[in-house]
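Some notes on the structure that comes next.
Numbering starts at 1 and runs along the sequence shown. Quick note: numbers below take in every heavy atom, side chains included, and nothing from hydrogens, waters or symmetry partners.
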Amino acid sequence: MAGQFDSNVRELEGALKDISLMAKVKQINTITVDIASEAIRARKQSGSTMIVIPIEKIQEEVGKFYDVSVKEMKGTRRVQNIVLARQVAMYLARELTDNSLPKIGKEFGGKDHTTVIHAHAKIKSMIETDDKLRIEIETIKKKIK
């Protein structure tokens, strides 16, 4: 089954959930190869229309918005405006693409996957209380799409 999904782990996780759901709907206690194949076929047919957004595009748009270069976002400097831009870009990369955490981290200068998790969690938390940031991110999303 893992050979069917080469893009990332999230897609594989989704397929597993689809298989489990299909088994429950059909009231089957034991998942067979036929059930798994049927769920995977349905998933592949429904998911073929997704738009691919390159991480570079996200980095460019976030960089323009915050007046930070892509090189600075990929770097190690911890100046507040660069850190915010980097974290917003990682958040958007996680939200708008199907790339894995290690792949996103690699696109940001070889950052660890835990850095991507931290950035995503932090921005998600900040959006809940900071209307200005939420509007900024929505504006950037519109430019990316």
Worksheet item: Looking at Glu60 and Lys57, does any basic side-chain N land under 4.0 Å from a carboxylate oxygen?
Response: no
Hey, what do you get for [atom1] ([X]) to [atom2] ([Y]), rounding to the nearest 0.5 Å?
{"X": "Thr97", "Y": "Ile53", "atom1": "OG1", "atom2": "CD1", "value": "8.0 Å"}
{"X": "Leu84", "Y": "Ile123", "atom1": "CG", "atom2": "CD1", "value": "5.5 Å"}
{"X": "Asn29", "Y": "Gln27", "atom1": "CG", "atom2": "CD", "value": "9.0 Å"}

Do [X] and [Y] have side chains that approach each other closer than 4.5 Å (heavy atoms only, starting at C-beta)?
{"X": "Lys74", "Y": "Gln59", "value": "yes"}
{"X": "Val79", "Y": "Ile82", "value": "yes"}
{"X": "Ile19", "Y": "Met22", "value": "no"}
{"X": "His120", "Y": "Glu95", "value": "yes"}

Practice prompt. Decide yes or no on side-chain contact (heavy atoms from CB on, under 4.5 Å) for Leu16 and Ser20, but give the supporting numbers first.
Written response: CA-CA 6 Å; Leu16 287 171; Ser20 176; over 6 Å; no
Taking distance alone, no hydrogens or angles, what donor-acceptor pairs closer than 3.5 Å link side-chain atoms of residues 86-94 to residues at least two apart or in another chain?
{"unit_1": "Arg86", "atom_1": "NE", "unit_2": "Met73", "atom_2": "O", "d": "2.7"}
{"unit_1": "Arg86", "atom_1": "NH1", "unit_2": "Arg77", "atom_2": "O", "d": "3.3"}
{"unit_1": "Arg86", "atom_1": "NH2", "unit_2": "Glu72", "atom_2": "O", "d": "3.2"}
{"unit_1": "Arg86", "atom_1": "NH2", "unit_2": "Gly75", "atom_2": "O", "d": "3.1"}
{"unit_1": "Arg86", "atom_1": "NH2", "unit_2": "Arg77", "atom_2": "O", "d": "3.0"}

List the atom pairs, donor and acceptor, that lie under 3.5 Å between side-chain atoms in residues 133-145 and the rest of the protein, sequence neighbours left out.
{"unit_1": "Arg134", "atom_1": "NH2", "unit_2": "Asp131", "atom_2": "OD1", "d": "3.3"}
{"unit_1": "Glu136", "atom_1": "OE1", "unit_2": "Tyr66", "atom_2": "OH", "d": "2.7"}
{"unit_1": "Glu136", "atom_1": "OE2", "unit_2": "Lys132", "atom_2": "NZ", "d": "2.8"}
{"unit_1": "Thr139", "atom_1": "OG1", "unit_2": "Ile135", "atom_2": "O", "d": "2.8"}

Discussion item. Walk me through whether Lys103 and Glu107 qualify under salt bridge (charged side-chain N to carboxylate O under 4.0 Å, His left out).
Written reply: CA-CA 6 Å; Lys103 167 82 169 123; Glu107 293 294 323; 2.8 Å; yes
Worksheet item: Considering the options Thr115, Ile55, Ile58, Ile117, which one meets the side-chain contact (heavy atoms from CB on, under 4.5 Å) requirement together with Ile104?
Response: Ile55
Item to complete: Classify the side-chain pair Asp34/Thr32 by whether it contains a donor and acceptor separated by less than 3.5 Å.
Response: no
